[in-house]
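Excluded from the calculations below are hydrogen atoms, water molecules and symmetry mates; all remaining heavy atoms, backbone and side chain alike, are included. Here is how names work: the chains are called A, B, and so on, in the same order as the sequence lines, proteins then strands, and each is numbered from 1. Source: prediction; values computed, not measured.
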Amino acid sequence: MVAVTFPDGARREYPQNTTGLDIAKSISPSLAKRTVAMALDGKLADLTDPIAHDAKIEFLTREDPRVLELIRHDAAHVLAEAVQTLWPGTQVTIGPVIENGFYYDFFRNQPFTPEDFDAIESKMREIIARDRPFTKEIWSREHAKKVFRDKGELFKVELVDAIPQDQEIKIYKQGDWFDLCRGPHMTSTGKIGNAFKLMKVAGAYWRGDSSREMLSRIYGTAFAKQEELDAYLKQIEEAERRDHRRLGREMDLFHFQEEAPGSVFWHPKGWTLFQTLEAYIRRRQADAGYAEVNAPQLIDSSLWVASGHMATFRENMFLVQPREEDERTYVVKPMNCPGHIQIFKNGLKSYRDLPFKLAEFGKVHRFEPSGALHGLMRVRAFTQDDAHIFITEEQIAEEVIKVNDLILSIYEDFGFDDVTIKFSDRPEKRIGDDAVWDKSEAALRKALEASGRPWTLNKGEGAFYGPKLEYVLRDAIGRDWQCGTVQVDLNMPSRLGAYYIDEHSNKVTPVMLHRAMFGSLERFTGIMIEHCAGHLPLWLSPLQAIVATIISDADDYAREAVAAARAMGLRVESDLRNEKINYKVREHSLAKVPVLLVVGKKETAERTVSIRRLGSDKQQTMPLGAALAALAQEAVPPDVKRVKKAA
RNA sequence: GCUGCCGUAGCUCAGUGGUAGAGCACUCCCUUGGUAAGGGAGAGGUCGACAGUUCAAUCCUGUCCGGCAGCACCA
């Protein structure tokens, strides 16, 4: 007998190997009918699984949030059956559940197109309507391989081989169609329902390996209810509405063009935004004791050979040979570290100089694969808010904690409070001895633990010169962006011959921390645009207000208002055009100007302004001086506000 | 880089084997109008680049460049 505990705490005994379905039926036929799967000790399982030992059991209906992944997984199987029915000879590979849906990868000479979706979806509906039960069989390895080989499913044969020896080979059938799968599944295809949709097709490598076959991947999503699917589709539209590439054009911030793939043409407004962000970081890091420097853009390749970049980073570097007859090759810097080490080395350093902190808004160039380029988020030329901190080994933990605090405080100022930390340890392609790596990783881990923040391990993802922490922030619509980083480097300073004199007059190689907070200013600008859907807070907005006239008799007063606003440090323009106020309101609203100061006959006479904020159709009339003073106050950057408050 | 799709006016997009069109934006004129598009006129394009097929190519074919989605890579 096995003892089964129900969610309400009741406990009953059943003969060994009674299935969940039997138990549900014994309780009530309607429960058995509604139940699509079960959770045993919290773990999802097939309802038809026998219960082998004492367990807590929960019967799950398709409305249970935990069942969503089953709906999607089942839908992936139905997708695969539909595709194989429509196009016999297509090989199936894998079809997992992902964050917002599922996909299935197929191997077929002719790739799918979105035009095929209607046919596939209706075939899927047919299969779902047939409502065939999912049944599970355990096959021997040999049998499974033979069956798949005979069917021409060579990828499946490879998958069977990849399953660890101590695991069973499970086959799930839905009618005649079957697939190798670890499960679990719901009781039948009919439980999937009709709230599903195929989303897109794309190529994907077999087993994620760019040297292997390219498969044709069909993405889909599924929900328990149609309303949830509709809400999801709406959310996708929302993300498109926030796309920084589109907003960048609408707000006249920047553009790209063919001749400079992956490089930004910043327009006046975009560059103002960029510089406002830069100025913010400059204040924050000056406060934290960093000295700003500037190192050359082009440095002879010999230095990059010495640093290890030539050996490990070359495919990402731009090389310049300015004269054919001159064999000298320069590297357009892809990183700032070697330059900063030269500055450290110039002049003898004492242990008393440590920590020695050099910061640079370093413009770096990296030859990114063309397919990786994406607006401001992934470019080939970008500006890092980079710094290198030269310290002793004993100072590592303390300094990492300081950087950690600084980074988190900065993200708060921009409204990012959901930040996670990833710890990346040694990659395969690296420089330096394992003993050095042991030391670096241990120090970083110690600092991480001292910070008391939750973190996750990102195995083998460290930089080639050292392990790193990476800061991932979540934006307003739930997307994650990797921005800041701290990296411990016990390799490069010695490779480039950096040392300081310790208290016993010995030459000692310093430890170097690499750190960036925004990471790339270009990318951070893009993230901010999307995070606030173009509605930048006043202090960041490149154009903070427009003084718009209703009649031309107000022109002089409008000019006066603009001059007064500028004198207070506000970024303001006038709109004196011969257009109706409706037109002006619409145009500036679309351009995401945060504040509209409307002046007509009445305002001119009374020396007031009618204030309209972006996103609201309400108006407030205030005396000009008071309105500008309030705006000027609001436009003070958050860090400056803190300092003022403290004073 | 790989797979698929795409490239026509500043933007969004029609269209055709006989060298092109709309709306918005732009310029000018009229209109001075109270909070998301007032009216009229005009100007604007080597149809991504280069080859090929053809009497004739923006359209068909090929190569290249660029973009989009995903993969791989990554700040």
Under a 4.0 Å heavy-atom criterion, the protein footprint on nucleotides 35-40 of chain B, written with B, S and -, is BBBS--

Who are the side chain to side chain donor-acceptor pair (under 3.5 Å) partners of [X], not counting sequence neighbours?
X	answer
Lys601(A)	none
Ser409(A)	Arg284(A)
Arg378(A)	Glu368(A)
Lys580(A)	none

Nearest-Å distance once atom [atom1] is located in both [N] and [M]:
N	M	atom1	value
G44(B)	U27(B)	P	15 Å
U63(B)	U3(B)	P	12 Å
A36(B)	C29(B)	P	28 Å
A22(B)	G34(B)	P	33 Å
U58(B)	U16(B)	P	16 Å
U61(B)	G18(B)	P	16 Å
G40(B)	C71(B)	P	49 Å
A49(B)	G7(B)	C1'	11 Å

For Arg577(A), give me all partners under salt bridge (Lys or Arg N to Asp or Glu O under 4.0 Å), at least two apart in sequence or on another chain.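 Partners of Arg577(A) by the salt bridge (Lys or Arg N to Asp or Glu O under 4.0 Å) criterion, ordered by chain and then number, come out as Asp575(A), Glu587(A).
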
For Glu69(A), what residues pass the salt bridge (Lys or Arg N to Asp or Glu O under 4.0 Å) criterion, not counting sequence neighbours?
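Salt bridge (Lys or Arg N to Asp or Glu O under 4.0 Å) check on Glu69(A) returns nothing, list empty.
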
Point to revise | Cation-pi geometry met for Arg72(A) and Phe223(A) (6.0 Å, 45°) | key: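 So Arg72(A) does make the cation-pi contact.
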
Does Lys429(A) qualify as a cation-pi partner of Phe464(A), given the criterion of NZ or CZ under 6.0 Å from the six-membered ring centre and within 45 degrees of its axis?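 Here Lys429(A) fails the 6.0 Å and 45° test against Phe464(A).
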
- Task: Tell me what Lys584(A) touches on the nucleic acid: a base, only sugar-phosphate, or nothing, going by heavy atoms under 4.0 Å.
- Result: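 Nothing: the residue Lys584(A), judged by heavy atoms under 4.0 Å, touches no strand.
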
Q: Would you classify Val379(A) as touching base, sugar-phosphate or nothing, given that sugar-phosphate means primed atoms plus P, OP1 and OP2, and contacts are heavy atoms under 4.0 Å?
A: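 The answer is base, as Val379(A) lies within the cut-off (heavy atoms under 4.0 Å) of a base atom.
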
What is the separation between atom [atom1] on [X] and atom [atom2] on [N], rounded to the nearest whole Å?
X	N	atom1	atom2	result
Ile281(A)	A75(B)	CD1	C1'	14 Å
Tyr411(A)	A75(B)	OH	P	13 Å
Asp252(A)	C11(B)	CG	C1'	12 Å
His267(A)	G10(B)	NE2	C1'	10 Å
Phe254(A)	G67(B)	CZ	P	14 Å
Asp480(A)	A75(B)	CG	P	16 Å
Asp555(A)	G33(B)	CG	C1'	14 Å
Arg380(A)	G67(B)	CZ	C1'	13 Å

Would you mind listing every side chain to side chain donor-acceptor pair (under 3.5 Å) that reaches into residues 479-488 of chain A, with sequence neighbours excluded?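 Listed once each, the pairs are Lys422(A)-Gln482(A), Tyr465(A)-Gln487(A), Glu470(A)-Gln482(A), Arg474(A)-Asp480(A), Asp475(A)-Arg479(A), Asp475(A)-Trp481(A), Arg479(A)-Glu530(A), Thr485(A)-Gln487(A).
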
Report all interatomic pairs (protein N or O, nucleotide N or O of nucleotides 69-74 of chain B) with separations under 3.5 Å.
| from | atom 1 | to | atom 2 | distance (Å) |
| --- | --- | --- | --- | --- |
| A69(B) | OP1 | Arg245(A) | NH1 | 3.4 |
| A69(B) | OP1 | Arg245(A) | NH2 | 2.9 |
| A69(B) | OP2 | Arg245(A) | NH1 | 3.4 |
| A69(B) | OP2 | His374(A) | ND1 | 3.4 |
| G70(B) | O3' | Tyr219(A) | OH | 3.0 |
| G70(B) | O2' | Tyr219(A) | OH | 3.0 |
| G70(B) | N2 | Gly203(A) | O | 3.4 |
| G70(B) | N3 | Gly203(A) | O | 3.4 |
| C71(B) | O4' | Gly203(A) | O | 3.3 |
| C71(B) | O2' | Tyr205(A) | N | 3.1 |
| C71(B) | N4 | Gly371(A) | O | 3.4 |
| C73(B) | O2 | Arg378(A) | NH1 | 3.2 |
| C73(B) | O2 | Arg378(A) | NH2 | 2.5 |
| C73(B) | N3 | Arg378(A) | NH1 | 3.0 |
| C74(B) | O4' | Arg378(A) | NH2 | 3.4 |
| C74(B) | O2 | Arg378(A) | NH1 | 3.2 |

Within a strict 4.5 Å, meaning less than it, do heavy atoms of the Phe367(A) and Glu315(A) side chains meet?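 They are not in contact (no side-chain heavy atoms under 4.5 Å apart), so the answer is no.
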
Of Ile551(A) and Arg249(A), the one whose nearest nucleotide on RNA chain B sits closer to the 5' end is Arg249(A)

Result for 5'-nearest mapping on RNA chain B, choosing between Gln487(A) and Phe112(A), is Phe112(A)

Legend entry - Results of ring pair (Phe, Tyr, Trp, His ring centres under 6.0 Å) for Phe112(A) - residues two or more places apart only: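 Residues passing ring pair (Phe, Tyr, Trp, His ring centres under 6.0 Å) with Phe112(A): Trp87(A), Phe106(A).
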
inquiry  = Please enumerate all residues that pass ring pair (Phe, Tyr, Trp, His ring centres under 6.0 Å) together with His255(A), with sequence neighbours excluded.
reply    =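 Listed in chain order: Phe265(A), His267(A).
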
Q. Does Ser216(A) put a side-chain nitrogen or oxygen below 4.0 Å from OP1 or OP2 of U3(B)?
A.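 Checking U3(B) against Ser216(A), no side-chain N or O comes under 4.0 Å of OP1 or OP2.
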
Of all the nucleotides listed (G1(B), G66(B), U12(B)), which has the minimum atom distance to the side chain of Ser370(A)?
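For the Ser370(A) side chain, the nearest candidate turns out to be G1(B).
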
Item to check | Ion pair Asp243(A)/Arg245(A), N-O distance below 4.0 Å | outcome: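 Answer for the salt bridge query: yes.
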
Annotated structure of RNA chain B as dot-bracket, pair cut-off 3.5 Å, Watson-Crick or G-U only, | for inter-strand, is (((((((..((((....[..)))).(((((.......))))).....(((((..]....))))))))))))....

